[in-house]
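Contents: one structure, followed by commentary.
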Amino acid sequence: MEDISYKISEVFNEDVFQEIVNIWHKTGVGNPARGDNYEVVQRTIEQGGKILTLLENDTIIGTVWLTHDFRRLYLHHMAIHPDWQGKKLAHFLLESSLDYAHKLGYQAKLEVDRNNLPAKHLYKKYGFKELGDFLVLIKRDV
């Protein structure tokens, strides 16, 4: 029987980004309208953000993109590859993200689709609360 080893990695390069984009696509969190390309992600990393990947042995099976505004840490595009979903592996990514927020002394904030019940359950289990009646608005054209 093969030993399965999970670990979190902060390695980020163009090859890793392509594997992340594949996971984003397969899970529906990626959207070209968002402008989340390699250069944008790299720029956020240079400003103290991170891309965390969850590895099973040497295979990327999950990811979360972390950015901040020097008071809140934002969790973007947290996703587990569909072939590995349902195994409670998102806990690895979420706990690592919250550890980073704690290290920085920042609040953690995220957005989740109202219909994504498993994600909502996970986030609430970790103490996330809905922000009352706030409505998220965006202007994508600059």
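Here the structure is a predicted model, which is why all the values come from computation and not from measurement.
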To the nearest 0.5 Å, how far apart are CD1 in Ile23 and CD1 in Ile80? 7.5 Å
Tell me whether the rings of Trp65 and His76 are parallel (<30°), tilted (30 to 60°) or perpendicular (>60°). tilted
Any donor-acceptor N/O pair, Thr27 side chain to Ala79 backbone, under 3.5 Å: no
Rounded to the nearest 0.5 Å, how far does CD1 of Ile51 lie from OG1 of Thr63? 4.5 Å
What side-chain hydrogen bond (donor to acceptor under 3.5 Å, both in side chains) pairs are there with at least one residue in residues 80-89, not counting sequence neighbours? Glu56-Trp84
One should read off an interatomic distance between Leu73 CG and Asp99 CG, to the nearest 0.5 angstrom, of 11.0 Å
Restricting to pairs with a member in residues 100-116, which pass side-chain hydrogen bond (donor to acceptor under 3.5 Å, both in side chains), not counting sequence neighbours? Arg72-Gln107
Roughly how far apart are His91 NE2 and Leu98 CG, rounded to 0.5 Å? 11.5 Å
Glu130: what forms a salt bridge (Lys or Arg N to Asp or Glu O under 4.0 Å) with it, not counting sequence neighbours? Lys124
To the nearest 0.5 Å, how far apart are OH in Tyr6 and CD1 in Ile61? 5.5 Å
Aromatic ring pairing Tyr38/Phe17, orientation class (parallel under 30°, perpendicular over 60°, tilted between): perpendicular
With Val64 as reference, evaluate Leu94, Leu110, Leu93, Ile20 under the side chain to side chain contact (heavy atoms under 4.5 Å, CB included) test and give the passing residue. Leu93
Any chance you could measure Thr59, atom OG1, to Glu19, atom CD, to the nearest 0.5 Å? 8.0 Å
Report the C-alpha distance between Ile60 and Leu54 in whole Å, list the side-chain angles of each, state the deciding distance to 0.1 Å, and finish with yes or no for side chain to side chain contact (heavy atoms under 4.5 Å, CB included). CA-CA 6 Å; Ile60 295 175; Leu54 176 62; over 6 Å; no
Under a 4.5 Å side-chain heavy-atom rule over Ile, Leu, Val, Met, Phe, Trp and Tyr, are Tyr74 and Val112 clustered together? no
Quick one: do Phe70 and Leu66 end up in the same hydrophobic cluster if we chain Ile, Leu, Val, Met, Phe, Trp and Tyr together by side-chain heavy atoms under 4.5 Å apart? yes
Side-chain heavy atoms of Lys129 within contact of Tyr123, under 4.5 Å: no
Measure from the side-chain N and O atoms of Thr44 to the backbone N and O of Val41, and report whether any donor-acceptor pair falls under 3.5 Å. yes
Do Ser9 and Leu52 have side chains that approach each other closer than 4.5 Å (heavy atoms only, starting at C-beta)? no
Specify the closest pair of heavy atoms between Asn57 and Lys7, including all atoms of both residues, with the distance to one decimal. O-CE, 4.4 Å
I'd like to know whether CG of Asn13 has more than 12 heavy-atom contacts from other residues, nucleotides or ligands below 6.0 angstrom. yes
